[in-house]
A.B. asks: 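Here you go, one structure.
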Amino acid sequence: MPGLEPTLPEAKVRVRFAPSPTGYPHLGNIRTALFNWLFARHNGGTFILRIEDTDVARTVQGATEAIMDGLRWLGLDWNEGPYFQSQRLDSYRRMADQLVREDKAYLCYCSPQRLEGMRQEQMKRKQPPGYDRQCRNLTSKEKAEMEVHCITPVVRFKSPTEGQTSFHDLLRGNIVFENSTLDDFILLKSDGYPTYHLANIVDDHLMEITHVLRADEWLSSTPRHVLLYQALGWQPPQLAHLPMILGPDKAKLSKRHGAAAITEYRDQGYLPEGLFNFLALLGWSLDDKTELLSKQEIVKHFSLERISTTAAVFNREKLDWMNGVYIRGLSMEEFCRRSLPFLEKDLPTEVKRPLDADYLRRIMPLVQGRAKTLAEVPQLTEFFFVDNMEYDASLLSGKLGREEMLKALQISLAKLEALSNWNTASLESILRPLAEELELKTGVFFGLLRVAVTGRTASPPLFETMEVLGKERCMARLKLAVDKL
RNA sequence: GGCGCAUUCGUCUAGGGGUUUAGGACGCCGCCCUCUCAAGGCGGAGAUCACGGGUUCGAAUCCCGUAUGCGCUACCA
């Protein structure tokens, strides 16, 4: 990417993930966390978790837990925190006071109603909305009058009205803003809580953050942050604004796009290692062909230089594919272990719990290559467990007439009855010649047996399936098929 | 409306002036394998590199403009 600073910071890398608990974390949030984590791990730095809970009204119950659950699930372990901004109010108030004392900020008594009215008016006149600075130069007499009316003021920053503010973005190069487009933004709200702008700067400084990697949506407010750093006499950290992740409609990812919360991906049967790999590739790439990378490889190769500047549309089909790759790569033991919760939860209630572990171990190899998510496993294996087969008799009669089917089924029944050694090889050695004897194509004959034995037209290979099901169950099901005809 | 950022196949991306008839992946289509479904193998369609001007012997790559998209424009983060 253009304009990357060649200078590596001598100080140890310290980065943070600073979500607000105003909702459950979605892929976009988590991708930001992931890049911060990767940057920290690649550089042997520190990854800090900081909860920005300064919006009391919008705080969502359980969001903080969901954030930590999501991070833990993906293996994004943090070295410090979680810090809570709500427990650090003193620091912000102290800094706000200092700025007021130094005449770099001021008390504003304007009511929300007045501000709203002003905004409406500005919009109507197609003027840029922004605070009109009415309280910026209040006389002490005017202030006293306001105090009498018991209006709790907010603290606003005195933005410069002319000149420019610029900064260097690690990904995008130099960015310049006209100060005239900035208004006097609020630092401290009337409830005593800081706004994002203040709390963010104070904490990043106090926590000695060296690099701020955050979503692109913050780019526009960065000049405010730079100005604040200057006002406080602090050195700003290095900045990099990451490309956003968009929904299929190309809008900023939000709850509206469904299943956005990271924990839902877990519940939908995605593997954390698969999602990790997939997310890493949303905005970062190793080269022109490598897509499947382990966590260690990604950590090893991760670099800011290879982060793209373009927003990425989240592509679920590709995630599904990649998740399938990771499922197939699981050891049988792991696959069983991870599928178990899904089976316990989604198999019909009539199936006895706990599930028979030995039986399960024989079933699972037959579906591992066929599942894109763990959540599909119960669906894929259901016919192994249920006793009464419910399927439409029309599935049996593919290309065959009733008489032909009956004949095929009955001869099969007779031959299989005599089979003592019930396994894949012996089943095949009997049934394959039988197809010829019946003058049926294998596809047709095996298809008939498949429906009879599994109740469906698509299943794992027939003989292996029959072996696992066992003689008793297969015989019963074949007889049932005869009855159905 | 103002400001900012971005713009390579439908999607994720490679590419950093000549190595490009623009490479890979998902998805899609076809063939092979095959008892079905997957998986796998092979192949195909799919991008006038948003558009218009420059700069240059040469531009997807550098510059400018336009368009489009997105973001910000709250006592939200």
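Values in this document were obtained by computation on a predicted structure and should not be read as measured data. Protein chains get the first letters and strands the later ones, always in sequence-line order, with residue 1 at the start of each.
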A.B. asks: Looking at every strand, decide which applies to A:Leu281 at a 4.0 Å heavy-atom threshold: base, sugar-phosphate, or nothing.
C.D. replies: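 Result for A:Leu281 = sugar-phosphate.
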A.B. asks: Within the structure, does a side-chain N or O atom of A:Arg328 lie under 4.0 Å from either OP1 or OP2 of B:rG40?
C.D. replies: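 Yes, such a contact exists.
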A.B. asks: Would you mind classifying the nucleic acid contact of A:Gly283 as base, sugar-phosphate or nothing, using non-hydrogen atoms under 4.0 angstrom?
C.D. replies: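 Counting heavy atoms under 4.0 Å across all strands, the contact made by A:Gly283 is with sugar-phosphate only.
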A.B. asks: Quick one: label A:Thr442 by what it contacts on the DNA or RNA (base, sugar-phosphate, nothing), any heavy atom closer than 4.0 Å.
C.D. replies: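 Contact class for A:Thr442: sugar-phosphate only.
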A.B. asks: Counting only side-chain N and O atoms of A:Arg119, is one of them less than 4.0 Å from OP1 or OP2 of B:rC75?
C.D. replies: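 For A:Arg119, the contact criterion (side-chain N or O under 4.0 Å from OP1 or OP2 of B:rC75) is met.
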A.B. asks: Measure distances between side-chain N and O atoms of A:Arg172 and base N and O atoms of B:rC5, and say whether any donor-acceptor pair falls under 3.5 Å.
C.D. replies: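 Result: no qualifying N/O pair found.
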A.B. asks: Side chain of A:Arg370 only, heavy atoms from C-beta on: which candidate in B:rC37, B:rG27, B:rC75 is closest?
C.D. replies: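 For A:Arg370, the side-chain atoms sit closest to B:rC37.
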A.B. asks: If pairing requires Watson-Crick or G-U wobble contacts with both distances under 3.5 Å, which nucleotide is the partner of B:rG4?
C.D. replies: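 Paired with B:rG4, as far as the under-3.5 Å criterion goes, is B:rC70.
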A.B. asks: Tell me whether the guanidinium CZ or amine NZ of A:Arg156 lies under 6.0 angstrom from the six-membered ring centre of A:Tyr131 and within 45° of its axis.
C.D. replies: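 Checked: cation-pi criterion met.
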A.B. asks: With a 4.0 Å limit, can you tell me whether A:Lys372 has a side-chain N or O closer than that to the phosphate oxygens OP1/OP2 of B:rA39?
C.D. replies: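 Affirmative; the distance criterion is met.
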A.B. asks: Give me the distance, rounded to whole Å, that separates B:rU66 from B:rU11 when you measure between the P atoms they each carry.
C.D. replies: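 Looking at atom P only, B:rU66 and B:rU11 are 26 Å apart.
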A.B. asks: For the C1' atoms, the ones on B:rC49 and on B:rG16, what distance do you get once it is rounded to whole angstrom?
C.D. replies: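 Taking atom C1' in both B:rC49 and B:rG16, they lie 14 Å apart.
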A.B. asks: For A:Lys300 and A:Glu297: C-alpha separation, side-chain torsions, deciding distance, then whether salt bridge (Lys or Arg N to Asp or Glu O under 4.0 Å) applies.
C.D. replies: CA-CA 5 Å; A:Lys300 182 179 167 197; A:Glu297 288 172 312; over 6 Å; no
A.B. asks: Side chain of A:Ser190, base of B:rC75: donor and acceptor closer than 3.5 Å?
C.D. replies: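 Per atom types, the contact qualifies.
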A.B. asks: Apply the test salt bridge (Lys or Arg N to Asp or Glu O under 4.0 Å) to residues A:Asp216 and A:Lys252: give CA-CA distance (whole Å), side-chain angles for both, the deciding distance (0.1 Å), then the verdict.
C.D. replies: CA-CA 11 Å; A:Asp216 202 11; A:Lys252 180 172 157 181; over 6 Å; no
A.B. asks: Regarding A:Thr222, tell me which of base, sugar-phosphate or nothing describes its non-hydrogen contacts under 4.0 Å with the strands shown.
C.D. replies: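 No contact at all - A:Thr222 keeps every heavy atom at 4.0 Å or more from the nucleic acid.
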A.B. asks: Please determine, for B:rU19, whether a Watson-Crick or G-U wobble partner exists with both distances under 3.5 Å, and give it or none.
C.D. replies: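 Its partner is none (no Watson-Crick or G-U wobble pair with both distances under 3.5 Å).
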A.B. asks: Look at the side chain of A:Pro128 and decide which nucleotide, out of B:rC76, B:rG1, B:rC35, has an atom nearest to it.
C.D. replies: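 The closest nucleotide is B:rG1.
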A.B. asks: What is the distance, rounded to the nearest whole Å, between atom OH of A:Tyr326 and atom P of B:rA39?
C.D. replies: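 Roughly 17 Å, once rounded to whole Å.
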A.B. asks: Between A:Trp218 and A:Glu428, which has a closest nucleotide on RNA chain B that is more 5'?
C.D. replies: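 It is A:Glu428, whose closest nucleotide lies nearer the 5' terminus.
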A.B. asks: Of all the heavy-atom pairs spanning A:Leu182 and A:Pro223, show the shortest one and how long it is.
C.D. replies: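 What the structure gives for the nearest pair is CD2-CB, 4.1 Å.
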A.B. asks: For B:rU11, take OP1 and OP2 only and decide whether either is under 4.0 Å from a side-chain N or O of A:Lys250.
C.D. replies: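 For B:rU11, OP1/OP2 do have a side-chain N/O of A:Lys250 under 4.0 Å.
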A.B. asks: Compare the minimum distances between each of B:rU7, B:rG27, B:rC3 and the side chain of A:Thr310, then state the nucleotide with the smallest one.
C.D. replies: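 Between B:rU7, B:rG27, B:rC3, the one nearest the side chain of A:Thr310 would be B:rU7.
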A.B. asks: Does A:Arg456 put a side-chain nitrogen or oxygen below 4.0 Å from OP1 or OP2 of B:rU36?
C.D. replies: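 Answer no for this pair, as no side-chain N or O of A:Arg456 is under 4.0 Å from OP1 or OP2.
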A.B. asks: What is the separation between atom CD1 on A:Ile201 and atom C1' on B:rA77, rounded to the nearest whole Å?
C.D. replies: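 Those two atoms, CD1 and C1', are 13 Å apart.
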A.B. asks: Just to be sure I understand the rule, does A:Pro223 reach a base, reach only the sugar-phosphate, or reach nothing, if contact means heavy atoms closer than 4.0 Å?
C.D. replies: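 Touches nothing.
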A.B. asks: Flag this pair as yes if the NZ/CZ of A:Arg88 is under 6.0 angstrom from the six-membered ring centre of A:Phe84 and inside a 45 degree cone about the axis; otherwise no.
C.D. replies: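 Output no; distance or angle outside limits.
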A.B. asks: Using the P atom as the reference point in each nucleotide, state the distance between B:rG27 and B:rA38 in Å, no decimals.
C.D. replies: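 Each nucleotide's P atom is 12 Å from the other's.
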A.B. asks: Taking the side chain of A:Phe177 as its heavy atoms from C-beta onward, which of B:rC3, B:rG71, B:rC76 lies nearest to it?
C.D. replies: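 Taking heavy atoms from C-beta onward, the closest nucleotide is B:rC3.
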A.B. asks: Taking N and O atoms by type only, does the side chain of A:Lys318 place a donor or acceptor under 3.5 Å from a partner on the base of B:rC12?
C.D. replies: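 Yes.
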A.B. asks: Let me know the distance between CD of A:Glu217 and C1' of B:rA6, rounded to the nearest Å.
C.D. replies: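 After rounding, the gap between these two atoms is 15 Å.
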A.B. asks: Any salt bridge between A:Lys407 and A:Glu404, counting N to O under 4.0 Å?
C.D. replies: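 No, this pair does not count.
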A.B. asks: In whole Å, measure the gap between the P atoms of B:rG30 and B:rG71 for me.
C.D. replies: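 B:rG30 and B:rG71 have their P atoms separated by 38 Å.
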A.B. asks: Using the C1' atom as the reference point in each nucleotide, state the distance between B:rU8 and B:rG4 in Å, no decimals.
C.D. replies: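 Taking atom C1' in both B:rU8 and B:rG4, they lie 23 Å apart.
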A.B. asks: Can you check the distance between B:rG46 and B:rG10, where both ends of the measurement are the P atom (answer in whole Å)?
C.D. replies: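 The answer is 11 Å between these two P atoms.
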A.B. asks: Pick the C1' atom in B:rG52 and in B:rU68, then give their distance to the nearest Å.
C.D. replies: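 To the nearest whole Å, 14 Å.
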A.B. asks: Do other residues, nucleotides or ligands put more than 12 heavy atoms under 6.0 Å from the CE atom of A:Met332?
C.D. replies: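 Enclosed: over 12 neighbouring heavy atoms sit under 6.0 Å from CE of A:Met332.
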A.B. asks: What contact category does A:Cys110 fall into here, base, sugar-phosphate, or nothing, at under 4.0 angstrom with non-hydrogen atoms?
C.D. replies: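 A:Cys110: base contact, heavy atoms under 4.0 Å.
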A.B. asks: May I ask you to evaluate whether A:Arg306 reaches the phosphate of B:rG16, defined as a side-chain N or O under 4.0 Å from OP1 or OP2?
C.D. replies: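 No, A:Arg306 has no side-chain N/O under 4.0 Å of OP1/OP2 on B:rG16.
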A.B. asks: Give a yes or no on whether a salt bridge exists between A:Arg224 and A:Asp183, defined as a side-chain N under 4.0 angstrom from a carboxylate O.
C.D. replies: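 Result for this pair is yes, salt bridge flagged.
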A.B. asks: Using atom C1' of each nucleotide, how far apart are B:rG2 and B:rU21 to the nearest Å?
C.D. replies: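 Going atom to atom, C1' in each nucleotide, I get 46 Å.
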A.B. asks: Write down the distance between CD (A:Glu116) and C1' (B:rA74), rounded to a whole number of angstrom.
C.D. replies: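 For the pair A:Glu116 CD and B:rA74 C1', the rounded distance is 9 Å.
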A.B. asks: Between A:Lys189 and B:rC76, does any side-chain N or O lie under 4.0 Å from OP1 or OP2?
C.D. replies: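 Yes, because at least one side-chain N or O of A:Lys189 sits under 4.0 Å from OP1 or OP2 of B:rC76.
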A.B. asks: Once hydrogens and angles are ignored, does a donor-acceptor distance under 3.5 Å link the base of B:rG71 to the side chain of A:Ser220?
C.D. replies: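 Indeed there is one.
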A.B. asks: Determine which nucleotide pairs with B:rU48, using a 3.5 Å limit on both distances of a Watson-Crick or G-U wobble pair.
C.D. replies: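 Here B:rU48 is not engaged in any pair, so there is no nucleotide opposite it.
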A.B. asks: Would you kindly compare A:Val444 and A:Ala18 by the position of their nearest RNA chain B nucleotide and give the one closer to the 5′ end?
C.D. replies: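 The 5'-side residue here is A:Val444.
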A.B. asks: If you check every side-chain atom of A:Leu219, which of B:rA14, B:rC5, B:rC72 has the closest atom?
C.D. replies: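 Of the candidates, B:rC5 comes closest.
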A.B. asks: Between B:rU13, B:rC75, B:rC35, spot the one nearest the side chain of A:Ser285, thanks.
C.D. replies: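 Minimum distance to the A:Ser285 side chain belongs to B:rU13.
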A.B. asks: Checking contacts here: which listed nucleotide (B:rA25, B:rC75, B:rU73) is nearest the side-chain heavy atoms of A:Arg156?
C.D. replies: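 That would be B:rC75.
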A.B. asks: Under 3.5 Å for both donor-acceptor distances, Watson-Crick or wobble: does B:rC37 have a partner, and if so which one?
C.D. replies: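 Result: none.
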A.B. asks: Can you tell me which residue among A:Phe185, A:Tyr229, A:Phe157 is in a ring-ring contact (aromatic ring centres under 6.0 Å, His included) with A:His197?
C.D. replies: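 Going through the options one by one, the only one that passes is A:Phe185.
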A.B. asks: Consider the side chain of A:Val313, meaning its heavy atoms from C-beta on, and name the nucleotide among B:rC5, B:rU11, B:rC72 that approaches it most closely.
C.D. replies: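 Of the options given, the side chain of A:Val313 lies nearest B:rU11.
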A.B. asks: With a 3.5 Å limit on both atom pairs, tell me what B:rG10 is paired to, counting Watson-Crick and G-U wobble, or say none.
C.D. replies: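 Paired with B:rG10, as far as the under-3.5 Å criterion goes, is B:rC26.
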A.B. asks: Kindly say if A:Ser459 contacts the phosphate of B:rU36, meaning a side-chain N or O under 4.0 Å from OP1 or OP2.
C.D. replies: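 For A:Ser459, the contact criterion (side-chain N or O under 4.0 Å from OP1 or OP2 of B:rU36) is not met.
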A.B. asks: Considering every strand and a 4.0 Å limit on heavy-atom distances, what is the contact class for A:Thr54: base, sugar-phosphate, or nothing?
C.D. replies: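 Sugar-phosphate, backbone atoms only, no base.
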A.B. asks: In this structure, how many angstroms lie between the P atom of B:rC5 and the CG atom of A:Leu239, rounded?
C.D. replies: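 A:Leu239 atom CG is separated from B:rC5 atom P by 14 Å.
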A.B. asks: Return yes if a side-chain donor-acceptor contact under 3.5 Å exists between A:His301 and A:Thr290, otherwise no.
C.D. replies: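 Their side chains do not contain a donor-acceptor pair, so the 3.5 Å distance test is not met.
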A.B. asks: Would you mind telling me which of B:rG10, B:rA77, B:rC75 lies closest to the side-chain atoms of A:Asn315?
C.D. replies: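 Of the options given, the side chain of A:Asn315 lies nearest B:rG10.
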A.B. asks: Taking pairing as Watson-Crick or G-U wobble with both contacts under 3.5 Å, can you name the mate of B:rC62, or confirm there isn't one?
C.D. replies: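 Across all strands, the one nucleotide that pairs with B:rC62 is B:rG54.
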A.B. asks: Picking from B:rG4, B:rU36, B:rG71, which would you name as closest to the side chain of A:Ala458?
C.D. replies: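 For A:Ala458, the side-chain atoms sit closest to B:rU36.
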